[in-house]
Amino acid sequence: MRKTIFGGANSLDNYIARPDGSYDWLMFSDEVSEIMKDFWPNIDAIVMGRKTWDVAQANMPKSKKKREAVLPNGEMKTYVFSRTLAAGETDDGAIIVNDDPGEFVRELKKREGKDICIMGGGLLARDLFEADVIDEIGFNIHPVLLGAGIPLFYGMSKQIDLELLESRQFKNGCVYVRYQVKN
């Protein structure tokens, strides 16, 4: 069965963006590029919430070939959960989903394919953690306290136990951690 991996970058005080959604504080590095180079070939589906999709759309390079920008690896599927947008495929190849996120991802995991990346905000992640469909988490923790912003994690109705799989300190002061969710 495919794995679902929730990942990204966060501040030390667990925000993924400033209150206005900006992420100018992120510190990119060759070490992060190496992790991503190893990560993406194992993924063929991205799951995100509508707010994360909006940010991704706003920051996407303007291209005449929009579909290629969204599906750079050809077979990469992007599923966007929304309560406000109509279900179906968008012009750029993303699939808007109005179904229960936990049930949808549970069924997606049963399909043939590579692993699934859960990207973006903590509201969707909360629903997926509570549905027991996230298998791993991996985050690049940045040495900054934003003080306020969009939280990485929202309150959950239960404790989620984790087992450390990997941790790395980067030259720029960031720390990468990867955990397996214990069942």
Closest contact, heavy atoms only, [X] versus [Y]:
X: Cys174; Y: Pro143; value: SG-CD, 3.8 Å
X: Val80; Y: Ala94; value: CG2-CB, 4.2 Å
X: Ile134; Y: Ala125; value: CD1-O, 3.9 Å
X: Trp25; Y: Ile16; value: CZ2-O, 3.5 Å
X: Pro41; Y: Lys114; value: O-NZ, 3.0 Å
X: Cys117; Y: Trp40; value: SG-CH2, 4.1 Å

Separation of [Y] [atom2] from [X] [atom1] (nearest 0.5 Å):
X: Thr78; Y: Glu89; atom1: OG1; atom2: CD; answer: 10.0 Å
X: Asp127; Y: Ile118; atom1: CG; atom2: CD1; answer: 11.0 Å
X: Asn10; Y: Phe153; atom1: CG; atom2: CZ; answer: 7.5 Å
X: Ile5; Y: Tyr179; atom1: CD1; atom2: OH; answer: 16.0 Å
X: Ile150; Y: Ser22; atom1: CD1; atom2: OG; answer: 8.5 Å
X: Asn42; Y: Ile116; atom1: CG; atom2: CD1; answer: 13.0 Å

Can you get from [X] to [Y] by hopping between Ile, Leu, Val, Met, Phe, Trp and Tyr side chains that sit under 4.5 Å apart?
X: Phe6; Y: Tyr23; value: no
X: Met119; Y: Met76; value: yes
X: Leu162; Y: Leu165; value: no
X: Met48; Y: Phe139; value: no
X: Phe28; Y: Tyr15; value: yes

Flag if over 12 foreign heavy atoms under 6.0 Å of CG, Asn183:
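Open.
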Test side-chain contact (heavy atoms from CB on, under 4.5 Å) applied to Asp30 - qualifying residues, sequence neighbours left out
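Asp30 satisfies side-chain contact (heavy atoms from CB on, under 4.5 Å) with no residue once adjacent residues are dropped.
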Which residues share a side-chain contact (heavy atoms from CB on, under 4.5 Å) with Lys37, sequence neighbours left out
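For Lys37 the side-chain contact (heavy atoms from CB on, under 4.5 Å) partners, ignoring immediate neighbours, are Glu34.
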Taking only residues two or more places apart in sequence or in another chain, which ones pass side-chain hydrogen bond (donor to acceptor under 3.5 Å, both in side chains) with [X]?
X: Gln180; result: none
X: Asp135; result: Thr4, Lys109
X: Tyr176; result: none

Stepwise side chain to side chain contact (heavy atoms under 4.5 Å, CB included) test for Glu31 and Asn140:
CA-CA 10 Å; Glu31 294 155 309; Asn140 182 8; over 6 Å; no
So, [X] side chain and [Y] main chain: donor-acceptor pair closer than 3.5 Å or not?
X: His142; Y: Met27; result: yes
X: Lys182; Y: Glu163; result: no
X: Asp13; Y: Gly147; result: yes

Carboxylate-amine/guanidinium proximity below 4.0 Å for Lys158 and Asp132:
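Yes, Lys158 and Asp132 are salt-bridged.
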Less than 4.0 Å between a side-chain N and a carboxylate O, is that true for Glu136 and Lys3?
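Salt bridge between Lys3 and Glu136, a charged N being under 4.0 Å from a carboxylate O: yes.
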Decide yes or no for Leu85 and Trp53: does some side-chain heavy atom of the first lie under 4.5 Å from some side-chain heavy atom of the second?
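The answer is yes, as the side chains (C-beta and beyond) meet within the 4.5 Å cut-off.
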Measuring only between side-chain heavy atoms, which start at C-beta, is Lys171 closer than 4.5 Å to Ser29?
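Contact flag for Lys171/Ser29 side chains = no.
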Between Lys51 and Leu123, does a side chain to side chain contact (heavy atoms under 4.5 Å, CB included) hold up when you go through it step by step?
CA-CA 10 Å; Lys51 291 176 189 175; Leu123 287 172; 4.3 Å; yes
Any residue meeting ring pair (Phe, Tyr, Trp, His ring centres under 6.0 Å) with Tyr79, in chain and number order, not counting sequence neighbours
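Residues passing ring pair (Phe, Tyr, Trp, His ring centres under 6.0 Å) with Tyr79: Phe104.
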Between Glu107 and Asp99, is a side chain to side chain contact (heavy atoms under 4.5 Å, CB included) present by the stated rule, with each step listed?
CA-CA 11 Å; Glu107 291 302 315; Asp99 300 336; over 6 Å; no
